[in-house]
Amino acid sequence: MIKNYHRRTYYLLFIVSFSTLWFLFKLGGIPDFMQAIASTLIDVVICFTALLISVEYLLPKYVYRSRYYKFFMAFVILVLVSGSLIILAQLALMGTSVFS
């Protein structure tokens, strides 16, 4: 119970600090406050989801069982999918598309 409490606390601290810093970074490049919030939300949700998949699923399933090649392949796929989702979502937020 205490272990899960600490884990949740660390995740919460990470997401608050990462979101704050990332929002300030975005606000420097996007003068519209609401668009900066939306852009930050897209990035944080996708990045945090990828982090949770890596830490809670990929590490125990592959690294802790010495299946490094499978971990590497799954991690590369996760990074490519997450990065693609971020790019597509940010383009949609700007009102453009890769396909137009």
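We're numbering straight along the sequence, starting at 1.
Between atom OH of residue Tyr62 and atom OG of residue Ser54 there is a gap of 12.0 Å, rounded to the nearest 0.5 Å. Atom-to-atom distance recorded for Asp43:CG and Phe23:CZ is 12.5 Å, nearest 0.5 angstrom. Rounding to the nearest 0.5 angstrom, the gap separating the CZ atom in Phe25 from the CD1 atom in Ile30 is 9.0 Å. Atom CD of residue Gln35 and atom OG1 of residue Thr40 lie 10.5 Å apart, to the nearest 0.5 angstrom. A distance of 9.5 Å separates CG in Asp32 from CG in Leu27, rounded to the nearest 0.5 Å. Here the CG-CG distance, from Leu85 to Leu80, works out to 11.0 Å after rounding to the nearest 0.5 Å.
Atom CZ of Phe75 has 12 or fewer heavy atoms from other residues, nucleotides or ligands within 6.0 Å.
A continuous path of hydrophobic side-chain contacts links Phe48 to Leu12 [ILVMFWY only; heavy atoms under 4.5 Å]. Clustering ILVMFWY residues whenever any of their side-chain heavy atoms sit less than 4.5 angstrom apart, transitively, puts Leu58 in the very cluster that holds Val63. Cluster membership check: Val79 shares its hydrophobic cluster with Tyr57, using side-chain heavy-atom separations under 4.5 Å among Ile, Leu, Val, Met, Phe, Trp and Tyr. Residues Tyr11 and Phe14 share a hydrophobic cluster, clusters being chains of Ile/Leu/Val/Met/Phe/Trp/Tyr side chains in contact below 4.5 Å. Each of Tyr68 and Met73 belongs to its own hydrophobic cluster when Ile, Leu, Val, Met, Phe, Trp and Tyr are linked at side-chain heavy-atom distances under 4.5 angstrom.
Here the closest non-hydrogen pair linking Leu93 and Ala38 is CD1-CB, 3.9 Å. Of all heavy-atom pairs between Ala89 and Ile42, the closest is CB-CG2, 3.5 Å.
In summary, the side chains of Ser39 and Lys26 do present a donor paired with an acceptor at a separation below 3.5 Å, with no hydrogens or angles considered.
At least one side-chain heavy atom of Val44 sits less than 4.5 Å from a side-chain heavy atom of Ile15.
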Inset, instruction - Evaluate the side-chain contact (heavy atoms from CB on, under 4.5 Å) criterion for residues Arg7 and Glu56: first the C-alpha distance (whole Å), next the side-chain angles of each, then the deciding distance (0.1 Å), finally the verdict. - result: CA-CA 11 Å; Arg7 181 180 289 175; Glu56 299 293 334; 3.0 Å; yes

Inset, instruction - Step by step, work out the side-chain contact (heavy atoms from CB on, under 4.5 Å) result for Cys47 and Phe18. - result: CA-CA 10 Å; Cys47 287; Phe18 179 69; 4.3 Å; yes

